Amino acid sequence: MIDLGSQRLKGRVALVSGGLRGIGLACVERFLAEGAEVVLTDLEAPDTDHAAATLARLGQAASYVQANVAQEDDWAKVLSAVTERHGKLHILVNNAGIDLTGPVAETSLEGWRRIMSINVDGVFLGVRTFVPLMAASGADFRGGASIVNVSSIMGLVGMSEVSGYNASKGAVRLFTKSIALEFAEKKMPIRANSLHPGFVMTPLLQEGFQRWVDKGVAGKAQDLVDLMSSKTPIGRLADPSELASAVFFLASSDSSYMTGSELVVDGGWTAQ
Amino acid sequence: MGHVQRHSHWEIAVKRLEGKVALVTGGTSGIGAGTVERLCAEGARVIFTGSNQAAADAVCAATGALFIRHDVTDVSAWDGLMARILEEYGRLDIAFANAGTENGDGSIESIGIEGWNTIIGVNLTGVMLTVQHAMRAMARNPEGPVGSIIVNSSMNAHRAMGNFVAYSVSKTAVLALVKSSAVHSGNRKYKIRVNAVLPGVVETAMIANLIEKSGDPAATRAAYEGLSPMGRMASVDEVAGLVAWLASDETRFCSGSEFTMDGASTAGMNGV
């Protein structure tokens, strides 16, 4: 772990979707360590064992709203919660996402629409919901408010039997560039950038690997971890905290001139 | 040139680079000088190179960094430079290949072979020599091959300028150098990362001078500022913040990547 203890986000309010697990949870933890107040959303009811234990550990500076990013009504609920508790928003991390694998000829329209509704609609709705509040909050800090949309290296390069996920993450990449241009041209104090993780040890990845094992592609999930590690120049998968450190950079004033950019954190995967 | 501004708004509460030794080429002015200052502020011990002694003295006085007169294109002087760094500091953790020129550039029709060779010599061969010698030195670090190498490319790597053919070519070429070097490092199981930064127009003393000496300073300034949809140039410290982040352990999983910081200049199709 990086030695934290600095408070470089003190006074800022952050919202993270999909904040109970994986990269989202790592972002929440990092923001809290940097002195921010954080609202996180996820699908789980707050009184499940996992959610309750996680929220208790995160402490008073964090608060939780149960919400599905694909539901417009749920975003209205999130906006009310953020507005009532904080009255401002400086950092929005649209992180919630799901995967979808399989041959394109066997992909159901239902499955296709589900991944698009979460990975693409969810990002659009998050941005649309919070642009006015972020525009009003952006002048508080150098570099303004910051939106980080979590895409993937699968938003940059294709992979066989990942067509739905590829399409959804590619959409996030260009959606982000368009809103970055819009905010810049209108002199709105909001920056927008996309994050492109490579293979990260998250629950989503581990569940995906398990599905490959169930299909008989590999003997056990660890074999797939080893295979992906061997194909990554850095020789291992990422820890979620290593993505959170990139999101932290994008959230901080150090990235004040960065908007419309794509941050690739992939251990060299797409360089080769 | 050589004037180093103090930036009290840097949000540095933790010295991320304590104990690290850094080399910055072309460190006497502009982005180089700003980066020397930022790396020192984060706790690194910094050696910088260049040719302007008076400018170097000012940087040394402001930062406590060590200046060594050295020309990146002087092949025979590299071994001596690295020997001196390793002798005095015992290690190398960070190298910022920053020295660059556009002196003698022109369009494909007008450029002379002398201008072409100068620019390719500094911006491409000089960067190759920097990365080569930095990686060799980092490979011999006491605890094993570890370090971070950062190459200063430009947004012009992806948006060529008609009247700066050699500069545009050199800035694209170094991206392949970065990726090849990153993949090589992975092949050797090194923990040496190699990444590129691609700044937009940065308001350096050199640019300020160009504006002042143009026939119409107001129009020239507006033209530079208009290259970004944000309507302004980057400041030196904004690029230095990106370099410092890449130099730190925050980016242990980043290698072979391009980090664009250009105020959305290349996010759209405005052209530069």
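Everything numeric here is computed off the predicted structure, so don't read it as measured data. Here is the naming used below: chain letters follow the sequence lines, and residue numbers restart at 1 for every chain.
- The CG atom of N187(B) sits 8.5 Å away from atom CD of Q272(A), with the distance rounded to the nearest 0.5 Å.
- Ranked by heavy-atom pairs under 4.5 Å with chain B, the first of R191(A), M188(A), R236(A) is R236(A).
- Residue pairs meeting the side-chain hydrogen bond (donor to acceptor under 3.5 Å, both in side chains) criterion with at least one member in residues 131-143 of chain B, sequence neighbours excluded, are R91(B)-E143(B).
- The distance from the CG atom of D266(A) to the SG atom of C254(B) is 8.0 Å, given to the nearest 0.5 Å.
- For the atom pair L242(B) CG and S255(A) OG, the distance stands at 9.0 Å (nearest 0.5 Å).
- By the 4.5 Å heavy-atom criterion applied to side chains, V264(A) and E258(B) are not counted as neighbours.
- For a residue to count as touching a neighbouring chain, one of its non-hydrogen atoms must lie under 4.5 Å from one of that chain's; by this rule L237(A) touches chain B with the backbone only.
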Exercise for review: Go through the steps for R252(B) and E242(A) under the test side chain to side chain contact (heavy atoms under 4.5 Å, CB included), then give the verdict.
Suggested key: CA-CA 7 Å; R252(B) 277 174 312 192; E242(A) 295 176 309; 3.6 Å; yes

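- Remark: side-chain polar atoms of S255(B) are not paired, donor with acceptor, to backbone N or O of G267(A) under 3.5 angstrom.
- Within the structure, ring-ring contact (aromatic ring centres under 6.0 Å, His included) pairs that include any residue of residues 247-272 of chain A comprise F199(A)-W269(A), F249(A)-W245(B) (at least two apart or interchain).
- Contact of the T259(A) side chain with the M230(B) side chain is registered, since non-hydrogen atoms from C-beta on lie closer than 4.5 Å.
- Separation of atoms OG (S256(A)) and CZ (R232(B)) is listed at 5.5 Å; rounding is to 0.5 Å.
- Distance CD1/I234(A) to NZ/K189(B): 12.0 Å, rounded to 0.5 Å.
- Looking at T260(B), the atoms closer than 4.5 Å to chain A (heavy atoms on both sides) sit in the backbone and in the side chain alike.
- Contacts between T232(A) and chain B at a heavy-atom distance below 4.5 Å involve the side chain alone, from C-beta outward.
- Across A267(B), G186(B), G200(B), S185(B), the residue that shares the most heavy-atom pairs under 4.5 angstrom with chain A is A267(B).
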